[in-house]
Number of protein chains: 2
Amino acid sequence: MEKKITIYDLAKELNVSPGTISRSLNNHPSISKKTKDKVVLKANELGYKVNKFAVNLRTQKSNTIGVIIPKLDSYFMSTLLAGVEKVANEAGYNLIISQSLESMEKEKLNAKTLYNSGIDAILVSLAFNTENYDHFTPFIKSKIPLIFMDRVHVLPNCPTIVIDNVQAGYDATDHLIQQGCKNIIVITGNLKRNVYADRVLGYKKALKANKYKFSTDCIFETTMEPKNTSDVLGYIKNMDEPVDGLFILADSFAAHCIKELKKENYNIPEDLKIVGFNNDPISVLVTPTLSTIEYPGYNMGLLAGESIINQIKGNINLQETNAISLRHKLIVRESSRN
Amino acid sequence: MEKKITIYDLAKELNVSPGTISRSLNNHPSISKKTKDKVVLKANELGYKVNKFAVNLRTQKSNTIGVIIPKLDSYFMSTLLAGVEKVANEAGYNLIISQSLESMEKEKLNAKTLYNSGIDAILVSLAFNTENYDHFTPFIKSKIPLIFMDRVHVLPNCPTIVIDNVQAGYDATDHLIQQGCKNIIVITGNLKRNVYADRVLGYKKALKANKYKFSTDCIFETTMEPKNTSDVLGYIKNMDEPVDGLFILADSFAAHCIKELKKENYNIPEDLKIVGFNNDPISVLVTPTLSTIEYPGYNMGLLAGESIINQIKGNINLQETNAISLRHKLIVRESSRN
DNA sequence: TTGTATGCGTTATCAA
DNA sequence: TTGATAACGCATACAA
């Protein structure tokens, strides 16, 4: 382990050719068991370690998957990543992870870096404000598999892994309506992102199906940072009709809102019913416990990992699996119960 | 971008040698501005992209930092990682992240994989049950910088980045004592890990300083998974003397405990005062809000990133920076207030 | 079953 | 300021 041992050193030691060493180490079928054993033994003895740099150059592959996500420190994302990492690791792939910090510019840089670093495939969840997708074309042109997760965009040959956000939005809204809410407001993140836009779409559909009238006033867009709860409260208080239902598209922000609302003496669920999104652990710890949509982050990660590895290995039918949709579930808790 | 362009292609196009191309692209001082411009222009025109595999092989470096952490999906860890990633990214390094899932065996595998993959340095936070550290010796022997973060172990030439867990444990306990608690129980994770052992040590010190007697019954070790709250409750209820203080070494678990305790009609803080650890976002959302120790995960990540990069670049004095300790802070909230 | 020889795309040394 | 050439360590096509 002191000096770097190469296959040439082993070859010299054992009086065979470097080719034989290489083949033995890679368990090539043409090599006799005897030779293989001999080589492997010697390799361990001398502390031989393959030089991945050479292997990579030779094979033009890195056994590495790149990942771009908005932020590492969110419950959903870290759960998703945990899933991806598990699958990738088991399949012998490493993960290079970078965060866009919700900025398209950083996302572009990350994409470029990852492209140059020679990853075999890439997994992406888009930043809040990404509206140009040219930074992904190099991957497509070079036929490097690209899969979008959760915050997706439709690009040729790039499968997406999502839940049915429209239906989820519908389910949540319909539930609030069934609970008797008359004036339901949606608190959403950036509507450029499919996840939010689709949920809002579902909200509208549910209103329509229940013959409620829709008004754009009922949509409040925010960055969903804790400091912005006061904006939400201010907005709600100034509505003409009293608000009795809140559909907040992220549990963590919903939890902060609940805290503020309680301070202002709103009674939840009596005066105001709330449904969140994600089934973040916070949802069972907050008082009242938060109704929400279960969002299978870990499973999404597992699936994304499996899919991308299948694509790398070429054993997948792209046409058939262009958009994978995972199942969501409405979980009713105290915050929306009568 | 269609066919792979190499420096040879550029050389042929421009009638210069490949060496000149390489030097131009790397902004080597010996090349005239005119040639450089010409080369760069052509490179962009043809969509040239360096082959990192070749660069890595040639230079025997990968500009990549390996990371092993117990779990990606915890607030503290994802925050820590966010910090590391930021610094690394800005310095032009990629992060290869793998999780041990709290298992020493997986940690060993991860270490081996990362070692083989040719990372330039490695950052580690140990699994719950790691008690053998041989899997790190290859890095030390090969002089690959290794820094332990948070869950650390003292190994030659491996700096550690931590907070003063002993003092933090002392502060929390002393606070509970000052609030009038007579019988304080510590709920801890695996005591093999410095973070927990040290906090418990601080707890003992605080008892001693206040002339309280210590009993091993006052320490309850658990995996701190939500499902284990009932064990905690059972334990507390069966104590001879009524418990009036709880020092729970992780906010997330503390939050779950509070929920259970409230169900059992404990009054917090009247009957029972609680201090957690980490200043997890949950601590302000739970009712009552949770007193805790602020744990600077993001800053720890930044520092870890900076330190490891300094070490890679060789501009650091190892002796001087063997153990970096970050500042913690007791945050008093409702759960321990009189 | 094994050996030989070449190339993967760079960087760096030495000469010019 | 530039060119020629030799590594870097491995995998593989082709020969033996």
Side-chain angles (χ1 to χ4, degrees), chain A residues 1-43 46-64 92 115-120 142 144, chain B residues 1-40 42-43 46-64 92 115-120 142:
Chain A
M1 223 164 273
E2 295 297 333
K3 270 231 138 62
K4 292 243 165 113
I5 302 285
T6 72
I7 54 172
Y8 289 100
D9 298 324
L10 293 178
K12 208 175 291 173
E13 283 277 332
L14 295 170
N15 286 316
V16 293
S17 77
T20 303
I21 302 289
S22 171
R23 283 182 274 245
S24 298
L25 260 16
N26 290 309
N27 210 7
H28 190 103
S30 79
I31 300 286
S32 73
K33 174 132 178 36
K34 214 174 104 186
T35 316
K36 271 182 197 166
D37 290 347
K38 199 173 61 175
V39 171
V40 171
L41 203 70
K42 198 56 152 183
L46 299 187
Y48 168 80
K49 163 196 168 189
V50 285
N51 186 321
K52 276 278 196 278
F53 300 146
V55 177
N56 290 348
L57 174 59
R58 186 56 234 252
T59 60
Q60 294 296 339
K61 298 194 299 124
S62 63
N63 262 256
T64 292
Y115 181 65
N116 284 332
S117 77
I119 51 173
D120 295 345
S142 313
I144 294 172
Chain B
M1 220 164 274
E2 294 298 332
K3 270 230 136 65
K4 291 242 165 117
I5 302 285
T6 72
I7 54 173
Y8 286 100
D9 299 324
L10 293 178
K12 209 173 290 172
E13 284 279 330
L14 294 170
N15 285 315
V16 293
S17 76
T20 301
I21 302 289
S22 171
R23 282 183 276 243
S24 298
L25 261 16
N26 289 309
N27 211 6
H28 189 104
S30 79
I31 300 286
S32 72
K33 174 131 177 35
K34 215 174 100 186
T35 317
K36 270 180 202 169
D37 291 346
K38 198 173 61 177
V39 171
V40 170
K42 196 55 145 185
L46 300 187
Y48 168 80
K49 163 196 168 190
V50 284
N51 186 319
K52 275 279 197 282
F53 301 146
V55 177
N56 291 347
L57 174 60
R58 188 51 236 242
T59 60
Q60 296 295 338
K61 297 195 297 126
S62 63
N63 262 259
T64 292
Y115 181 66
N116 284 331
S117 77
I119 51 172
D120 295 346
S142 312

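Reminder, nothing fancy here: chain letters follow the sequence lines and each chain counts from 1. The figures here come from the full heavy-atom set of this structure, side chains too, leaving out hydrogens, waters and symmetry mates.
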| message | Using whole Å, what does the distance between atom P of nucleotide C:dT1 and atom NE2 of A:His28 come to? | response | 10 Å
| query | How is B:Asn56 classified with respect to the nucleic acid when contacts are heavy atoms under 4.0 Å: base, sugar-phosphate, or nothing? | reply | nothing
| With sequence neighbours excluded, what pairs up with A:Lys52 under the salt bridge (charged side-chain N to carboxylate O under 4.0 Å, His left out) test? | none
| Side-chain N or O of A:Thr35 closer than 4.0 Å to phosphate OP1/OP2 of C:dT1 | no
| Earlier contact from the 5' end, DNA chain C, for A:Pro29 and A:Pro18 | A:Pro29
| With sugar-phosphate meaning primed atoms plus P, OP1 and OP2, does A:Ser32 contact a base, only sugar-phosphate, or nothing at under 4.0 Å between heavy atoms? | sugar-phosphate
| Contact class for B:Lys49 (heavy atom, under 4.0 Å): base, sugar-phosphate, or nothing? | sugar-phosphate
| said: Nearest heavy atom decides the nucleotide; on that basis, is B:Ala54 or B:Arg23 closer to the 5' end of DNA chain C? | reply: B:Ala54
| message | When you measure from the side-chain N and O atoms of B:Ser17 to the phosphate of D:dG3, is any distance below 4.0 Å, counting only OP1 and OP2? | response | yes
| Centre of A:Tyr115's six-membered ring, under 6.0 Å away, within 45 degrees of the axis: is that where NZ or CZ of B:Lys49 sits? | yes
| task | Could you check how far NZ of B:Lys33 sits from C1' of D:dT1, rounded to whole Å? | result | 16 Å
| Given atom CG of B:Leu57 and atom P of D:dG9, what is their separation to the nearest angstrom? | 7 Å
| remark: Whole-Å distance, A:Leu25 CG to C:dT2 C1', equals 15 Å
| Hey, mind stepping through A:Leu25 and A:Leu10 against side-chain contact (heavy atoms from CB on, under 4.5 Å) and telling me if it holds? | CA-CA 11 Å; A:Leu25 260 16; A:Leu10 293 178; 4.3 Å; yes
| query | Heavy atom of residues 6-16 of chain B under 4.0 Å from DNA chain C: which residues? | reply | B:Thr6, B:Ile7, B:Tyr8
| task | Starting from C1' on C:dT10, measure out to CG on B:Asn26 and report it in whole angstrom. | result | 9 Å
| query | In terms of side-chain heavy atoms of A:Thr20, which of D:dT1, C:dT2, C:dT10 is nearest? | reply | C:dT2
| said: Tell me the interatomic distance from A:Phe53, atom CZ, to C:dT10, atom P, rounded to whole angstroms. | reply: 16 Å
